[in-house]
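This is a predicted model, so every value here is computed, not measured.
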Amino acid sequence: MFDINLLRNDIAATAERMQARNYVIDTVAFEALEAERKSLQIQTQELQQQRNTLSKAVGQAKAAKDDAKAQLLLAEVAAVPEKVKANELALAGVQERVNAILMMMPNLPQADVPIGKDSDENVEQRRWGTRRTFDFEVKDH
C-alpha cells in the first residue's frame, strides 16, 4: 500500500512523480478528504477531552455533596459517548475511502529511474551473465 505521509507532506511533488507512471492523483479530492479526516479526528479528541473533564467534575461535585450539580453533569456526560461514537463511525468511513485511494495507487518510481513510455524507450543499464543460445526457434511465452 502507498505511504500516506508522502501525500500528506508534499502532494504536489508526489503527483508530479506519479505522472511518470501515467497515474493522475486527484489532489483536490484527496486534500478535501484529508481535511475532513483531520476535522473529524479533532472533534472526536475534543469530545473525549470534554467527557474526561465532565467526569472529573462529577467526582468533585459528589465529593462536595452537591447532588443536584452532579446529576446535571451526569446528564451531560451521558450525551457525549453517543457523539463520540458517531464521530468515530464517520472517521472510519473517511479512513476507508482514503485507504481505497491508497490501494489503487502504484509505487513511486525512484527519482533516478529514466522515464520511458515502452520497452523501446527504456534504457538498458546493465546485463548480467551471457545470453543463452538455442538450436531451435524460441517461442514467446
Side-chain angles (χ1 to χ4, degrees), residues 1-134 136-141:
M1 188 161 83
F2 195 83
D3 185 11
I4 192 166
N5 290 322
L6 292 172
L7 292 174
R8 287 181 181 159
N9 296 334
D10 194 5
I11 193 166
T14 305
E16 184 178 324
R17 285 179 59 198
M18 278 297 199
Q19 288 179 346
R21 301 279 316 254
N22 294 325
Y23 185 84
V24 178
I25 299 174
D26 188 357
T27 57
V28 175
F30 182 80
E31 287 174 339
L33 200 58
E34 186 63 17
E36 183 181 355
R37 183 199 62 81
K38 278 183 183 179
S39 173
L40 283 169
Q41 192 169 10
I42 289 170
Q43 287 175 5
T44 303
Q45 289 172 349
E46 287 173 351
L47 285 170
Q48 289 169 340
Q49 182 181 6
Q50 180 185 4
R51 179 185 59 202
N52 293 342
T53 304
L54 288 172
S55 295
K56 192 179 222 181
V58 168
Q60 291 172 348
K62 285 186 177 186
K65 306 261 190 241
D66 190 358
D67 290 335
K69 185 175 181 181
Q71 291 300 324
L72 182 64
L73 290 172
L74 278 173
E76 285 183 50
V77 170
V80 173
E82 293 172 10
K83 294 176 187 175
V84 170
K85 183 86 171 168
N87 274 8
E88 287 175 346
L89 287 173
L91 186 60
V94 169
Q95 194 62 42
E96 282 181 28
R97 293 191 316 220
V98 168
N99 286 340
I101 292 171
L102 295 177
M103 294 293 275
M104 297 303 296
M105 293 178 72
N107 291 331
L108 273 177
Q110 292 292 328
D112 60 341
V113 173
I115 299 170
K117 294 178 186 168
D118 56 17
S119 62
D120 295 331
E121 290 185 9
N122 291 333
V123 179
E124 184 175 315
Q125 297 287 320
R126 63 183 170 275
R127 188 177 290 244
W128 184 79
T130 57
R131 185 172 255 199
R132 293 176 56 185
T133 57
F134 299 98
F136 56 87
E137 184 180 344
V138 179
K139 294 183 178 180
D140 187 20
H141 291 287

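Summarising the geometry, atom CE belonging to Met105 is positioned 8.5 Å from atom CG belonging to Leu6; distances are rounded to the nearest 0.5 Å. Separating the CD atom in Gln95 from the CG atom in Leu102 is a distance of 8.0 Å, to the nearest 0.5 Å. Between atom CG of residue Leu47 and atom CD1 of residue Ile42 there is a gap of 12.0 Å, rounded to the nearest 0.5 Å. Here the straight-line distance linking atom CE of Met104 with atom CD1 of Ile25 works out to 13.0 Å at 0.5 Å rounding. Here the straight-line distance linking atom CG of Asn87 with atom OG1 of Thr44 works out to 4.0 Å at 0.5 Å rounding.
Looking only at side-chain heavy atoms (C-beta outward), Lys83 and Gln50 stay at 4.5 Å or farther from each other. Side chains of Glu34 and Glu31 form no contact here, defined as non-hydrogen atoms less than 4.5 Å apart. Contact of the Val24 side chain with the Met18 side chain is not registered, since no non-hydrogen atoms from C-beta on lie closer than 4.5 Å. Side-chain contact between Phe30 and Ile4 is present, with at least one heavy-atom pair separated by less than 4.5 Å. In this structure, the side chains of Asp26 and Ile101 stay at 4.5 Å or more apart for every pair of heavy atoms. Side-chain contact check for Glu76 versus Leu73: some heavy-atom pair is nearer than 4.5 Å.
A salt bridge does not link Glu88 to Lys85: none of the charged nitrogens lies less than 4.0 Å from a carboxylate oxygen.
Using a distance-only test at 3.5 Å, with no hydrogens or angles considered, a donor-acceptor pair links the side chain of Thr53 to the main chain of Gln49. Proximity of a side-chain donor or acceptor of Arg21 to a complementary backbone N or O of Asn107 within less than 3.5 Å is detected.
In this structure, Glu16 places its CD atom where only 12 or fewer heavy-atom neighbours from other residues, nucleotides or ligands lie under 6.0 Å away.
Of all non-hydrogen atoms in Ala15 and Thr27, the two that sit nearest each other are CB-CG2, 4.0 Å. Minimum heavy-atom separation, Leu33 to Val94: O-CG1, 3.8 Å.
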